[in-house]
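Letters go in sequence order (proteins before strands), and every chain restarts at 1.
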Amino acid sequence: MKDYLYKVFNDLKSKLDFIEIDKITFNVPNFKEHGDFATNYPFILAKQLKKSPKEIAKEILENLTDSENAFSCVEVAGNGFINFKFRKEFIFNSLNKVLNEGKEFGKLKKYFGRKALVEFVSANPTGPLTVGHGRNAVFGDTIANLLEAVGYEVEREYYFNNAGRQMRILADSVRLRYLELLGEKIDFPDDYYQGEYIIDIAKKILDEFSDKTRNIDDLNFFKEFAEKEIFKGINKTLERLGIRFDNYFNENSLYETGKIEEVINQFKTKEICYEKDGALWLALTKLGKERDKVIVKSTGEPTYRLPDIAYHIEKFKRDYDLMVDIFGADHIATYPDVLAGLEILGYDTRKVKVLIHQFVTIVQDGELVKMSTRKANFITLDQLIDEVGADVVRYFFLMRSISSHLNFELTLAKKQTDENPVFYLQYAHARICGILRFAIEQGKQPSDKLSVLGEDEEINLAKHLLNFPDVVLRSAENYDQLILITYLHELAELFHKFYHEHRVLGQSEEITSARLALCKAAQIVLQNGLSILGINAPERM
RNA sequence: GCACCUGUAGCUCAAUUGGAUAGAGCAUCUGACUACGGAUCAGAAGGUUGAGGGUUCGAAUCCUUCCAGGUGCACCA
């Protein structure tokens with residue numbers, strides 16, 4: 001429907017030369033008396049044309065040609081809105097597009113031929129994924145799905161660091177637990193990894209090597225073993241949520257291939273860094289930033305900024321049109337430095353999109369569940385999936401805007417009742433499947449003659465279904481999964497209303513067939529939408 | 001102290017990015033199947049959008065000053 005509106009306004013350009021298509025927006029009004037779509041375009045033109053919005057609206061209206069006879073009513077309303085109402089025949093005929101395209105309905109070509117990289121999770125292999133990583137993982141995967149839906153060729157990438165102090169402590173934690181299992185009396189340090197999973201890894205070493213590795217004091221052995229085990233666990237958890245990565249990028253490789261050194265040299269050539277107190281500083285104040293930042297410590301080790309910059313340069317070299325980074329709120333202060341560094345070196349940072357999500361807290365029985373990684377009393381993502389299942393986990397992580405804190409209500413998530421919002425969507429789908437199963441038993445078929453329909457609930461549902469591609473587009477372009485979620489919720493609601501008011505089966509042949517087709521279309525859109533969210537559309541519940 | 005995020009119905013959150021009368025779910029109260037799944041539907045009640053000021057045809061949204069909560073502010077990542 002929106003396509004048609006843009007087409008109509010495009011035709012208008014030959015008559016009214018002030019029309020600029022990319023400045024026009026159409027939206028679904030809050031009140032149905034205002035029609036199916038409305039535009040505020042006359043208001044936008046008012047200043048430029050020095051006329052009242054109302055006059056402009058009238059002028060547009062007089063020149064509009066409805067070539068396909070799609071509108072039942074077009075009118076100027078309020079002080080200059082233009083409202084459009086579509087004929088039901090146009091709506092129901094358009095619905096055949098949904099049925100014909102099936103799984104492809106909602107897949108767009110707009111960004112076809114462009115490459116996107118989505119980097120997310122990127123947790124270092126020091127322990128199982130936490131609930132916080134869960135939000136990052138599910139959101140990142142959904143953004144990747146959305147970009148795919150609008151035509152991008154998407155790669156999912158996991159960036160990790162398996163060097164440095166953290167990993168040494170991890171390795172030594174495992175070593176000590178292993179020795180403990182061998183009966184040695186160990187004084188386990190407070191600032192080591194306390195988690196149960198460390199003991200599990202130690203047990204695996206014991207199983208595999210018995211006491212042969214007892215006297216190994218090379219931490220590398222323990223490090224590699226632990227890393228392998230932890231990654232295995234992380235991937236298993238992600239797999240349960242339906243998340244798979246195309247690439248794993250090891251930060252260490254940047255050192256091995258001399259990329260870090262390269263970046264330093266480039267900064268030096270640009271004369272944008274200087275030495276002070278034995279450290280190398282990046283002169284960000286020259287770019288109008290508040291303060292300079294250290295890129296190489298006096299110990300000779302780079303700070304995180306350098307590898308992060310080098311990593312992004314590698315991404316640029318791989319020639320993506322879009323690079324999305326997904327971080328938790330704790331990274332808020334770090335990425336501006338990285339972007340500044342890239343800009344100094346002449347990279348177009350508009351291709352980098354940084355999405356920051358706020359933290360997750362677990363609420364149980366109205367009380368905050370306190371979590372601390374050091375004490376290892378955190379809830380792992382795996383435990384969460386055990387408790388409520390993958391679909392609920394995904395939905396709960398997606399149902400809030402990323403800029404808001406997320407209270408994961410465990411008590412609510414566990415409920416298999418109408419209080420749990422994910423079931424509302426899934427139930428609508430299961431219900432449709434029920435009807436379609438029943439129809440097959442009775443030998444009824446959907447037809448393509450939908451325009452025999454005309455009840456309010458049928459029209460409302462049909463119109464909503466046709467908006468799906470536009471919702472996918474808006475959702476992807478705004479990196480906002482909530483637009484899609486809200487849409488699907490409304491869709492389920494409209495279907496339930498329709499279902500309640502009108503029976504599908506047991507009507508006249510042509511009505512039953514047409515309603516079956518409407519159900520089928522609703523099923524397609526629900527499936528396609530849920531699939532972008534990575535949530536199952538069950539046939540039975 | 002500085003930067004970023006948040007503040008909307010009793011609770012958890014929306015609001016097509018500056019649009020028309022601020023909407024959902026839960027909780028509360030009323031109602032609705034001898035037929036396709038009642039995990040549903042219809043209705044009631046619930047609001048000075050944290051507070052004040054400003055910008056304009058028009059503000060929950062933008063600017064500004066406060067108030068409250070969260071996160072970060074290292075030669076940690």
Legend entry - Residue met sooner reading RNA chain B from 5', once A:Ser298 and A:Ile435 are mapped to nucleotides: A:Ile435
Inset, instruction - Indicate yes or no for a side-chain donor-acceptor contact from A:Asp172 to the backbone of A:Arg168 under 3.5 Å, with no hydrogens or angles considered. - result: no
Inset, instruction - Would you please say whether a donor-acceptor pair under 3.5 Å links the side chains of A:Asp325 and A:His312? - result: yes
Taking only nitrogen or oxygen atoms into account, show me every contact under 3.5 Å that the protein makes with nucleotides 44-48 of chain B, one pair per line with its distance.
none

Legend entry - Residues forming a side-chain contact (heavy atoms from CB on, under 4.5 Å) with A:His133, sequence neighbours excluded: A:Ala123, A:Leu129, A:Thr130
Inset, instruction - Look at the side chain of A:Gln426 and the backbone N and O of A:Asn536, then say whether any donor-acceptor pair between them is shorter than 3.5 Å. - result: yes
Legend entry - Nearest-nucleotide pick for A:Ala430, side chain only, options being B:A20, B:G37, B:C73: B:G37
Legend entry - Within 6.0 Å of CG in A:Asn79, more than 12 heavy atoms from elsewhere: no
Legend entry - A:Glu157/A:Lys315 ion pair, N-O < 4.0 Å: no
Legend entry - Interatomic distance where OH belongs to A:Tyr304 and C1' belongs to B:C75 [whole Å]: 12 Å
Inset, instruction - Consider the side chain of A:Arg431, meaning its heavy atoms from C-beta on, and name the nucleotide among B:G37, B:C75, B:G19 that approaches it most closely. - result: B:G37
Inset, instruction - Answer yes or no: does atom NZ of A:Lys32 have more than 12 heavy-atom neighbours from other residues, nucleotides or ligands under 6.0 Å? - result: no
Legend entry - Among B:A77, B:A15, B:G70, the nucleotide that comes nearest once only the side chain of A:Asn161 is considered: B:A77
Legend entry - Glycosidic class, syn or anti, of B:U21 using a 90° window around 0: anti
Inset, instruction - Look at the side chain of A:Gln358 and decide which nucleotide, out of B:G38, B:C13, B:G70, has an atom nearest to it. - result: B:G70
Inset, instruction - Please indicate yes or no: is the ring centre of A:His489 less than 5.5 Å from the centre of the six-membered base ring of B:A24, with the two planes inclined by under 30 degrees? - result: no
Legend entry - Salt bridge present between A:Glu55 and A:Lys58 (N-O < 4.0 angstrom): no
Inset, instruction - Report, as yes or no, whether the 6.0 Å neighbourhood of atom NZ on A:Lys293 holds more than 12 heavy atoms from other residues, nucleotides or ligands. - result: yes
Inset, instruction - Can you sort out the partners of A:Phe71 under ring-ring contact (aromatic ring centres under 6.0 Å, His included), two or more places apart, ordered by chain and number? - result: A:Tyr4, A:Phe84, A:Phe86
Inset, instruction - Determine: side-chain N/O of A:Lys297 to OP1/OP2 of B:C76, distance under 4.0 Å, yes or no. - result: yes
Legend entry - Interface residues of residues 323-335 of chain A with RNA chain B (non-hydrogen, below 4.0 angstrom): A:Ala329, A:Asp330, A:Ile332, A:Ala333, A:Thr334
Legend entry - A:Glu493 side-chain proximity, nearest of B:U71, B:C41, B:G37: B:C41
Inset, instruction - Would you indicate what A:Asn79 reaches in the nucleic acid, counting non-hydrogen atoms under 4.0 angstrom: base, sugar-phosphate, or nothing? - result: nothing
Legend entry - Residues in contact with RNA chain B, drawn from residues 495-505 of chain A - heavy-atom cutoff 4.0 Å: A:His496, A:Lys497, A:Tyr499, A:His500, A:His502, A:Arg503, A:Val504, A:Leu505
Legend entry - From B:A74, B:U17, B:U71, nucleotide with atom closest to A:Asn478 side chain: B:U17
Legend entry - B:A14 OP1/OP2 closer than 4.0 Å to side-chain N/O of A:Arg400: no
Inset, instruction - Please say which of A:Ile82, A:Asn40, A:Leu5 ends up in a side chain to side chain contact (heavy atoms under 4.5 Å, CB included) with A:Phe26. - result: A:Leu5
Inset, instruction - Under 4.0 Å between any heavy atoms, over every strand shown, what does A:Glu33 touch: base, sugar-phosphate, or nothing? Just pick one. - result: base
Inset, instruction - Please lay out, stage by stage, how A:Glu75 and A:Lys85 fare under the test salt bridge (charged side-chain N to carboxylate O under 4.0 Å, His left out). - result: CA-CA 9 Å; A:Glu75 60 185 2; A:Lys85 204 167 184 114; over 6 Å; no
Legend entry - Pair A:Arg431, A:His496: side-chain N/O donor-acceptor within cut-off below 3.5 Å: yes
Inset, instruction - Ignoring the backbone of A:Asn30, work out which of B:U16, B:A14, B:U71 is nearest its side chain. - result: B:U16
Legend entry - 5'-most by nearest nucleotide on RNA chain B - A:Ser403 or A:Arg474: A:Ser403
Inset, instruction - Could you summarise the pairing of RNA chain B as dot-bracket text, marking Watson-Crick and G-U pairs under 3.5 Å with ( ) or [ ] inside the strand and | across strands? - result: (((((((..((((.....[...)))).(((((.......))))).....(((((..]....))))))))))))....
Inset, instruction - Compare the aromatic ring of A:Phe81 with the six-membered base ring of B:A20 and state whether they stack according to the 5.5 Å and 30° rule. - result: yes
Inset, instruction - Mark yes or no for a side-chain to base donor-acceptor pair under 3.5 Å between A:Asn27 and B:A20, with no hydrogen or angle criteria applied. - result: no
Inset, instruction - Give a yes/no on whether any side-chain N or O of A:Thr299 is located under 4.0 angstrom from OP1 or OP2 of B:C75. - result: no
Inset, instruction - Indicate yes or no for a side-chain donor-acceptor contact from A:Asn27 to the backbone of A:Pro29 under 3.5 Å, with no hydrogens or angles considered. - result: no
